[in-house]
Amino acid sequence: MQSLRLLKSKSHGNLRATKYSNDQIMRCSDDSYLPPSSSSSATTTTLYSSNDMITTSTLCDFVSLLPEEILLYVLSLIDVNDLQASCLVSHVWRRLCEDEFIYRTVCAKRYPCLSSELRPPYEPTWSSYYKARQSRFAVIGGPISQSSCMEDITGKLRAAGLVNIEPIYAQKRIPTLAELQRYAGVLVYSYNSSAFLDGGLMGDVLADYVDNGGGVVISVFTNCNNLRNGFIKGRFLEGNYHPIMPARQHDTNGKRPLTLGRIHEPMHNIMNNVKSLDGGKSSFFCPGALQPEAKLVADWSNGVPLVVELQKKLGQVVALNFFPPSCDTGDPRFWQSNTDGGLIMANALAHVGRSSCMKKRRTKRSYSESHKISESIESDRMVRDAQGNWVSEKRALVHSHTCPNLHMIDGSISKKKKTLSAKIFGKKLFAKWLSFKKPETE
């Protein structure tokens with residue numbers, strides 16, 4: 001494999017790109033690389049590694065050497081996350097990364113049905129369309145007579161953090177693929193056999209939406225094959241887009257309700273900040289088996305899959321094995337609103353839509369007795385400055401230990417906790433841990 005390194009000639013003041021194989025690159029310091037032959041060369045060169053921060057002036061000089069058409073084409077090939085990071089490099093890169101050509105190319109790759117469009121749908125520019133779509137979601141379901149269910153679902157999603165939620169009733173009209181291009185993800189539910197105008201057409205549209213980069217979250221009754229038009233059929237069924245194979249609905253029949261069971265993927269985005277779930281008096285669920293390509297995220301307390309995800313072409317499908325409306329609708333058979341059902345739905349929608357609306361939030365944690373933690377503590381040490389004088393330097397120390405009731409507050413430890421830790425670890429050990437020994441002056 002060839003490694004591309006940028007060389008800056010100090011004698012000529014310009015940048016040039018040179019290829020070296022990995023065995024030809026010699027490590028000369030912590031932050032630079034030099035080729036083996038450079039030490040004997042008459043021209044002094046400085047080789048910048050990919051981890052170094054290039055100054056804005058140097059970067060502008062490098063960018064000015066290439067036509068903008070070529071740079072725009074290169075930037076259109078990188079990942080969206082890298083594209084967003086490139087905006088922070090310089091003003092020139094920011095202007096190039098926000099070009100309409102870049103966003104049109106990104107949208108064409110993520111959503112192939114838009115590749116032939118000259119103008120973006122619903123928005124004046126491609127950049128505004130891409131950004132607006134990442135924060136817009138929809139709930140599709142019915143019937144209209146049970147509007148309290150739709151209101152409850154959208155209310156729970158807004159309370160969980162997804163503000164831009166639009167309701168779509170599919171009882172009288174099935175939304176088209178073009179209409180679904182407004183949304184990063186959709187949640188689909190059905191109350192009875194008359195939820196959709198046609199279950200087959202609903203399945204065809206959803207399958208096309210997933211193939212073109214959309215995200216779909218399905219729930220109980222949409223994957224229960226005993227409902228006529230409340231069951232998603234068509235190409236969604238024939239193409240195995242259901243993460244849980246359709247089966248006849250089940251419930252606990254008024255007995256002990258189901259609760260959150262084993263979490264197979266605790267770091268999964270859907271399980272972010274999820275602590276509990278109570279399925280309610282009936283705890284409706286689909287007992288079908290998993291698709292062979294599906295990934296199990298969490299189970300119910302009876303071992304039935306609760307959260308399952310499935311990657312299909314450019315899109316994702318997540319199955320939530322519970323009925324989305326909560327007991328706040330007045331029906332105690334549904335999941336209890338004092339648990340995290342709304343958060344699970346919001347996390348699932350953001351996950352399938354590849355949206356950052358539900359980013360992981362760091363919460364303050366208190367650590368119980370005998371809980372192993374890793375602490376980061378600022379410590380002073382004495383170092384020499386350029387004039388040879390001893391000055392104090394802040395340095396972060398990391399230490400893993402087991403200590404009862406040791407709490408971190410803004411990166412520091414209270415004096416009372418320090419005393420408690422000193423008694424456990426010993427005064428000498430704790431002193432070495434907190435700070436370096438002050439060097440003796442000459």
Side-chain angles (χ1 to χ4, degrees), residues 110-114 137-144 146 149-150 153 166-250 284-295 305 307-325 345 348-349 351-353:
R110 279 202 172 187
Y111 320 118
C113 62
L114 301 178
F137 303 89
V139 178
I140 303 176
I144 301 176
Q146 299 293 334
C149 293
M150 177 70 78
I153 297 173
E166 298 181 9
I168 299 177
Y169 289 99
Q171 183 181 12
K172 294 184 178 181
R173 192 178 72 88
I174 302 297
T176 63
L177 176 62
E179 292 173 345
L180 294 183
Q181 295 309 306
R182 292 171 55 91
Y183 312 107
V186 297
L187 186 148
V188 190
Y189 81 98
S190 63
Y191 187 87
N192 52 31
S193 295
S194 60
F196 309 133
L197 178 65
D198 189 306
L201 293 178
M202 187 78 253
D204 293 341
V205 172
L206 290 178
D208 293 339
Y209 178 63
V210 173
D211 292 344
N212 286 277
V216 175
V217 178
I218 62 173
S219 56
V220 169
F221 300 145
T222 61
N223 55 2
C224 297
N225 53 19
N226 58 307
L227 300 183
R228 186 178 69 256
N229 281 325
F231 167 49
I232 300 177
K233 299 175 286 188
R235 200 163 68 84
F236 200 89
L237 174 63
E238 297 166 358
N240 295 324
Y241 285 75
H242 281 282
I244 301 176
M245 294 182 181
R248 189 176 182 86
Q249 71 185 54
H250 276 57
F284 299 103
F285 65 92
C286 176
L290 298 183
Q291 288 286 357
E293 301 174 355
K295 179 182 179 181
V307 180
V308 184
E309 70 169 341
L310 177 64
Q311 181 74 34
K312 295 295 285 189
K313 296 186 178 180
L314 296 179
Q316 279 187 324
V317 183
V318 166
L320 301 181
N321 207 0
F322 65 92
F323 190 48
M345 292 188 292
L349 270 176
H351 176 71
V352 298

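No donor-acceptor pair under 3.5 Å is formed between the side chain of Asn229 and the backbone N or O of Asp198. In terms of modelled atom types and a separation under 3.5 Å, the side chain of Asn212 and the main chain of Cys113 share a donor-acceptor contact. Not one N or O on the side chain of Lys233 forms a donor-acceptor pair closer than 3.5 Å with the backbone of Met202. The backbone N or O of Thr176 sits less than 3.5 Å from a side-chain atom of Glu179, completing a donor-acceptor pair. Under a 3.5 Å cut-off, the side chain of Glu166 and the backbone N or O of Ile168 do not form any donor-acceptor pair. Remark: the backbone N or O of Lys312 is not paired with any side-chain donor or acceptor of Gln316 at under 3.5 angstrom. A donor-acceptor distance shorter than 3.5 angstrom exists from the side chain of Gln171 to the backbone of Ile144, with no hydrogens or angles considered. Between the side chain of Asn226 and the backbone N or O of Arg248, no donor-acceptor pair lies under 3.5 Å.
A distance of 9.0 Å separates CG in Asn321 from CD1 in Ile218, rounded to the nearest 0.5 Å. Atom-to-atom distance recorded for Leu197:CG and Ile174:CD1 is 5.0 Å, nearest 0.5 angstrom. Remark: Ser190 OG to Gln146 CD distance equals 12.0 Å, nearest 0.5 Å. A distance of 9.5 Å separates SG in Cys149 from CG in Asn192, rounded to the nearest 0.5 Å. Between atom CD1 of residue Ile140 and atom CG of residue Leu187 there is a gap of 9.0 Å, rounded to the nearest 0.5 Å. Taken from CD1 in Ile244 to SG in Cys286, the straight-line distance is 6.0 Å, to the nearest 0.5 Å.
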- Candidate pair Ser219 and Val188, rule side-chain contact (heavy atoms from CB on, under 4.5 Å), full reasoning: CA-CA 7 Å; Ser219 56; Val188 190; over 6 Å; no

- May I have the step-by-step check of side-chain contact (heavy atoms from CB on, under 4.5 Å) for Phe231 and Leu237, ending in yes or no? CA-CA 10 Å; Phe231 167 49; Leu237 174 63; 3.9 Å; yes

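Checked against the 6.0 Å centroid criterion, the rings of Phe284 and Phe221 qualify as a close aromatic pair. Between His242 and Phe236, the distance separating the two ring centers is shorter than 6.0 angstrom.
Between Met345 and Phe322, the shortest heavy-atom contact is CG-CZ, 3.9 Å. Considering every non-hydrogen atom in both Leu314 and Pro112, the closest pair reads CD1-CG, 3.3 Å. Residues Ala207 and Arg235 share a closest heavy-atom pair of C-NH2, 3.3 Å. Considering every non-hydrogen atom in both Lys313 and Asp211, the closest pair reads CD-OD1, 3.3 Å. Taking both residues in full, the closest heavy atoms of Val186 and Tyr209 are given as CG2-CE2, 4.0 Å, listed atom of the first, atom of the second, then distance. Contact detail for Val318 and Ala348: the closest heavy-atom pair is CG1-CB, 4.2 Å.
Counting heavy atoms from C-beta outward, Met245 and Gln291 have side chains that approach closer than 4.5 Å. Looking only at side-chain heavy atoms (C-beta outward), His351 and Glu309 come within less than 4.5 Å of each other. Using a 4.5 Å cut-off on side-chain heavy atoms (C-beta onward), Val210 and Tyr241 make contact. Here the side chains of Pro305 and Leu290 are in contact, with some heavy-atom distance below 4.5 Å. Annotation: side chain of Leu180 is in contact with side chain of Val205 (closest heavy-atom distance under 4.5 Å).
A tilted orientation is assigned to the rings of Phe323 and Tyr191, their planes being inclined by 30° to 60°.
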